[in-house]
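Notes to accompany the following structure.
Just so it is clear, the values below take in all heavy atoms, side chains as well, and ignore hydrogens, waters and symmetry mates. Just so it is clear: chains get the letters A, B, ... in the order the sequence lines come, proteins before strands, and each one is counted from 1. Note that this is a predicted model, so its numbers are computed, not measured.
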Amino acid sequence: MTKYDHKAIEKKWQNAWEKEKTYQASDAGKKPKKYVLIEFPYPSGEGLHMGHLRPYTAGDTYSRYFRMKGCEVLYPIGWDAFGLPAENFAIKNKVHPRVSTAKNIANAKKQLQNWGISFDWSREINTTDPDYFKWTQWIFLQFYKAGLAYEATGLINWCPKDKTGLANEEVIDGRCERCGTVVEKKELRQWYLKITAYAEKLLEGLKELKEWPEPVKLQQENWIGKSEGAEIEFPIAQKGIRKFIILHGRGSRPKDHFYTWLKKKLESKGFEVQSPQMPGGEEPKDDECADFIQQHCNLDEHTVVIGHSFGGIVALRLLERGARLAGAILVATPFTGKFMDGKNRPTVTAAAKKGFDFAAVIKNCGFFKVISDTTDYVVAMSDGESYAAKLGVNLIKAAAAKPHFLDEQEPELLTIILSRIAVFTTRVDTLPGATFLVLAPEHPLISNLKSQIKNWAEVKKYIENAKKKTDMQRAAVEKEKTGIFLGSYAVNPATKEEIPIWVADYVLMGYGTGAIMAVPAHDERDFEFAKQYKLPIRTVINNPSQPPLNLRGGETAEEPPLNIRGGEGELFTGEGLLINSDGYDGMSTEEARKKIAKDFGQPKVQYKLRDWVFSRQRYWGEPIPLIHCQNCGTVPVPEEDLPVTLPEVKDYEPTGTGESPLAAIDEWVNVKCPNCGGPAKRETNTMPQWAGSSWYWLRYADPDNKKEMAGKKLLKRWTPVDVYFGGMEHTTLHLLYSRFWNLFLYDQGHVTAKEPFTKRVPHGIVLGPDGEKMSKSRGNVVNPDEIIEKFGADALRMYEMFLGPHGDTVSWNDKGIMGIKRFLDRVLRYQEISKDLPRVEKKNLLHKTIKKVTQDIEGFRFNTAISQMMIYLNEVWKVSEDENRIEVDFVTKEEWQEFLKLLAPFAPHLTEELWHQLGHKDSIHLKEWPKFDPKLAQDTKVTFVVQVLGKVRATLEMPAGTSQQEVKEKALAGENVNRHLEGKKIVKEIFVPDKLINFVIK
RNA sequence: GCCCAGGUGGUGGAAUGGUUUACACGCAGCACUUAAAAUGCUGUGAGCGAAAGCUCAUGUGGGUUCGAGUCCCACCCUGGGCACCA
């Protein structure tokens, strides 16, 4: 008995396929295209594992099937080779990541070839290849030019072990996705991609993805987290302010910038406003201006001075001279007199350099607000920070509509000046029930209120503690809510009542406005908080399942409303009719939402999705192609200078200070500004690993293009990807990022398909034999290469698919593979021993098998396709004791060849070998896929089930299509059936053709 | 807590509302062999029975139906995602 020498045969055909370029996809030709994609691997030092094998084999089987179906199949492969492991290896062993990566790639490539995967190797790509990342950088520049890449300082997730910032999506359960370290919050200047600008498009696009699994779409939808509601502003109760004076900046006039707009806004709130033109024009002097104001304006304890830029210096000068004011608001003031753009403004600098008598300034002023613009590139944030500290307040950071607050309208400024607290809510209808406000500990307005906060030390302690807690700790406390009263009150715009303002860490700065209106009677969290601190709970919606309350909320007309004693009341979060809400009483919650939003707020849509932190402080990534020039600000690297490659460094160690190791390479960092030729510095942050994988499928279409990311013609030929195999774990990472990039590139006219992946097929995880996740530490890792050594690639591939449905998590079972091995051996032996023997046709079974295998491959039910082929072989393979004495007929050569073709996508090596042994000279993998005749695929003989009262009492073998009458007659002749019918009357008869007959008796 | 997916023999799993347990593993018996391995054949949900056959079994409890693993309601458990998102 011959045994299948898998080693020799598999090698032989792998070499032949490579030589013949059997799987190369043609850019030309008339065949319909089919683009099948798997998630390209990270070439780690460990090599590829079972987790790679499963999707790659599925994609391979699928691709081979469509090739035989007559499609031009593109099944490409590449390497996602930037990333931390290579860099950490470099740090440890002082080997350049390029070197270790190349070695790992060579190894992984060999593995893939041993697995017999039919990749088109001519299109192999590598994200670390400068010819590739040139275009990754180019795409970044398109984002930058479109205003979708921006730099900002913010609290970001920071991994202390990897010493780099992380995107929101990379934090799993409060831990770093890569190394599992608890993530900290760190304030850093970072690059962001404005994925939030695409939130709506990403959400809308999901609707078009008809061939995506619902759970994947749902998970993305939840991640984007759209909620529709309203923003409402609560004015802070401030008594005693009657007048504002607006002091303009250097060289400006009262009609410039936001001044006129602000004046009108403040006047409409009933304040008196003066906006005088100060002397000095382009070169104003602070003392002259102060003189002028003192002469022309009435300054008193009811006046607040707003100083913009140079105007801020004048304001402080006035206070220093003894003017008494209610408050001073300093907007983007260059306190140190230094400018980031390098330009000279001599009088401003001179005025600032004089300094101030802070003791006098503080003594004469009720409150200070120091406001800096996070997008300012003229006045440094540090100016604001140091002066805020000297004035004893926290700096208020605001995003100006135009840098340095130069726009005609600056809404954020108005909010700060008026001390209004904006809240976002999806339940505007409950506004009359808002009995207090809660700010997040990071809320910028808190420092604003400082002068009014009597227990500042306590508040400060609370805030600092909250900031120290990680997200995980903050969420873990869940049960007990903590918070502290700020001593200030805001006005509920609906009830006009003054309600207390609290700080509590159950309110998150990152969502909405970082402040909420608390409606304890109708929100679970607010309810808990109110109970804890005995705050009033006012019912404003009647619970329909409870006895109705009167419109004032009491049970009888005489009873007072239900908002009396703090901490007492009921919670109801459902819908109903409004009560206790004056003009809104009796309305449904739905009606009230519309009406109250119209009266007191404006409609607003909020998303949970945050912008994508796009910079990493590491070496082994694509350098962000920007240059910082003292004169021109941030300048993109000209496209003709791309790619910006990585310099050689001695040390790959991250600095840990928030700067990349690249920052230490002076000869790389220092460049000439492409704009003005002056001295400039390169951006030293690199891109996250997700960058290279966010467009790679586009490059496969046109991998050697030197002029473009990918040519339109070839993009049209190949994209979108028809089927994308991959893991659930990428749903809110790679898959979302890729859709974002593709949608953006589509909007910019660079790609031809709006959505990148027509169909998404998730695969299950392969667990170890113990049912646990395979890991070195558990010692349950099954190495695919060892299995191949023992059983061959065909057996391994088929067994992986046979283990269970493609989407399910499966456990590897060492013994099970023998079943597949036996099957393959039997296929081989069948062909051997059936030579020169008489043959018969098994048409029905063959067509049934063709039908099942075809439909199962298309439906990704590879396991049942394999079962059907086993059934076929079992049926034709019946040998008595002596193998040479044939008991059952062999099928004809024609039928056998059809069977081999069915098996070809699953066991490519064996079938190719047998195919050639039958005398063929060409590859089985390019032969036409068998067709089935639906009539022949049906059974000629069927088993009828005879039931009495739904219970099986007999079965009948009869030809398909037998009439009800005939079946009934035969059924009633049966002994057992008769016994159950005895003495009863048949009241009903149910007949299902070719299936069953059921007698209902009485 | 909320949102998904799932729960079927000793095991992996199969099953358009129609014989539950296909296919495979494992196990048992038999054949071949001096023997073992390999290979082949037969059997294999549980209980009762000599057999014919009967009863009970798809997480639990109800319901719809001539008939439910499949549809509906409630609950339990496992896996995945989100998690104070206002």
What is the separation between atom CG on A/Asp814 and atom C1' on B/U11, rounded to the nearest whole Å?
14 Å
Look at the side-chain N and O atoms of A/Ser227 and state whether any lies under 4.0 Å from the OP1 or OP2 oxygen of B/A86.
yes
With rounding to whole Å, what would you report as the distance between B/A5 and B/A51 at their C1' atoms?
47 Å
Full working for salt bridge (charged side-chain N to carboxylate O under 4.0 Å, His left out) between A/Glu214 and A/Lys217:
CA-CA 5 Å; A/Glu214 281 311 317; A/Lys217 285 194 276 187; 3.4 Å; yes
Going by salt bridge (Lys or Arg N to Asp or Glu O under 4.0 Å), name the pairs with one or both residues in residues 798-809 of chain A, residues two or more places apart or in two chains.
A/Arg54-A/Glu800
At 4.0 Å (heavy atoms only), tell me whether A/Asn863 reaches a base, stays on the sugar-phosphate, or touches nothing.
sugar-phosphate
Starting from P on B/G81, measure out to CG on A/Leu609 and report it in whole angstrom.
19 Å
I'd like the P distance from B/G47 over to B/G9, given in whole Å.
15 Å
Show your reasoning for whether side chain to side chain contact (heavy atoms under 4.5 Å, CB included) applies to A/Trp223 and A/Thr731.
CA-CA 10 Å; A/Trp223 188 262; A/Thr731 302; over 6 Å; no
Which glycosidic conformation, syn or anti, is assigned to B/G61 if syn requires a torsion within 90° of zero?
anti
Determine the interatomic distance between C1' on B/G17 and the same-named atom on B/G69; round to the nearest Å.
11 Å
Using whole Å, what does the distance between atom P of nucleotide B/A14 and atom NE2 of A/His806 come to?
14 Å
Taken to the nearest whole Å, CG/A/Asp808 to P/B/G13 is 7 Å
Just to be sure I understand the rule, does A/Thr943 reach a base, reach only the sugar-phosphate, or reach nothing, if contact means heavy atoms closer than 4.0 Å?
base
Using a strict 4.0 Å threshold on nitrogen-to-oxygen distance, state whether A/Arg760 and A/Glu39 make a salt bridge.
yes
Assess whether one donor atom and one acceptor atom, taken from the side chain of A/Lys481 and the base of B/C84, lie less than 3.5 Å apart.
yes
Sequence neighbours excluded - side chain to side chain donor-acceptor pair (under 3.5 Å) pairs with any residue from residues 508-522 of chain A
A/Ser227-A/Tyr511
Taking the same atom, C1', in B/C76 and in B/U60, what whole-Å distance lies between them?
7 Å
How would you label the contact of A/Ile516 with the nucleic acid (heavy atoms, under 4.0 Å): base, sugar-phosphate, or nothing?
base
Can you list every salt bridge (Lys or Arg N to Asp or Glu O under 4.0 Å) pair that touches residues 512-524 of chain A, not counting sequence neighbours?
A/Asp523-A/Arg525
Just checking A/Val952: base, sugar-phosphate only, or nothing, at a heavy-atom cut-off of under 4.0 Å?
sugar-phosphate
Once you measure the plane-to-plane angle for A/His763 and A/His806, does it fall in the parallel (<30°), tilted (30-60°) or perpendicular (>60°) bin?
perpendicular
Starting from P on B/A86, measure out to CE on A/Met509 and report it in whole angstrom.
16 Å
Using the P atom as the reference point in each nucleotide, state the distance between B/G63 and B/U11 in Å, no decimals.
30 Å
Here's a test of your reading of the structure: between A/Thr809 and A/Gln606, which maps to the more 5' nucleotide of RNA chain B?
A/Thr809
Can you name the atoms? Protein N/O to nucleotides 24-27 of chain B N/O, anything below 3.5 Å, with the distance.
from: B/A24; atom 1: OP1; to: A/Asn874; atom 2: ND2; distance (Å): 2.9
from: B/C25; atom 1: OP1; to: A/Arg822; atom 2: NH1; distance (Å): 2.5

Nearest of B/A14, B/U19, B/C3 to any side-chain atom of A/Val945?
B/U19
Check whether any side-chain N or O of A/Tyr511 sits under 4.0 Å from OP1 or OP2 of B/A86, and answer yes or no.
yes
Could you tell me how far apart A/Lys951 (NZ) and B/C56 (P) are, to the nearest whole angstrom?
5 Å
Using salt bridge (Lys or Arg N to Asp or Glu O under 4.0 Å) as the criterion, list what pairs up with A/Glu966, not counting sequence neighbours.
none
Say we look at B/G6 and B/C54: how far apart would their C1' atoms be, to the nearest angstrom?
34 Å
Tell me, yes or no, whether the heavy-atom count around A/Glu957 atom CD, taken from other residues, nucleotides or ligands under 6.0 Å, exceeds 12.
yes
B/A5, B/A86, B/G13: which one has an atom nearest the side-chain heavy atoms of A/Pro215?
B/A5
Under 4.0 angstrom, heavy atoms only, what part of the nucleic acid is A/Leu996 near: base, sugar-phosphate, or nothing?
base
Considering only atom C1', compute the distance from B/A57 to B/U21 and round it to an integer number of Å.
11 Å
Salt bridge present between A/Lys941 and A/Asp939 (N-O < 4.0 angstrom)
no
Holding to salt bridge (Lys or Arg N to Asp or Glu O under 4.0 Å), I want the full list of residues that pass it with A/Glu211, two or more places apart in sequence or in another chain.
A/Lys759
Per the salt bridge (Lys or Arg N to Asp or Glu O under 4.0 Å) rule, what does the pair list look like for residues 859-874 of chain A, sequence neighbours excluded?
A/Asp856-A/Arg861
A/Lys594 atom NZ: more than 12 heavy-atom contacts under 6.0 Å:
no
Reading nucleotides 65-73 of chain B from 5' to 3' and marking B where a protein heavy atom lies under 4.0 Å of the base, S where only the sugar-phosphate is that close, and - otherwise, the string is -B-------
List in chain and number order the residues that pass side chain to side chain contact (heavy atoms under 4.5 Å, CB included) with A/Glu982, two or more places apart in sequence or in another chain; answer none if no residue qualifies.
A/Arg979
Ring pair (Phe, Tyr, Trp, His ring centres under 6.0 Å) filter on A/Trp812, not counting sequence neighbours, yields A/Tyr799
Between B/A86 atom C1' and A/Phe234 atom CZ, what is the distance in whole Å?
12 Å
Looking at A/Tyr872 and A/Lys848, would you say the former's side chain and the latter's main chain have a donor-acceptor pair under 3.5 Å?
no
Can you tell me which stems involve RNA chain B, if a stem is defined as three or more consecutive Watson-Crick or G-U wobble pairs, both distances under 3.5 Å?
B:1-7 with B:76-82, B:10-12 with B:23-25, B:26-31 with B:39-44, B:45-48 with B:53-56, B:59-63 with B:71-75
List in numerical order all residues of residues 970-985 of chain A for which some heavy atom is under 4.0 Å away from an atom belonging to RNA chain B.
A/Asn976, A/Arg979, A/His980
Are any of the side-chain nitrogens in A/Arg593 or A/Glu228 under 4.0 Å away from the carboxylate oxygens of its partner?
no
Roughly how many Å is it from CZ in A/Arg953 to C1' in B/G18, rounded to a whole number?
16 Å
Hey, which of these two, A/Val992 or A/Thr513, hits RNA chain B nearer its 5' end, going by closest nucleotide?
A/Val992
With rounding to whole Å, what would you report as the distance between B/A50 and B/A68 at their C1' atoms?
36 Å
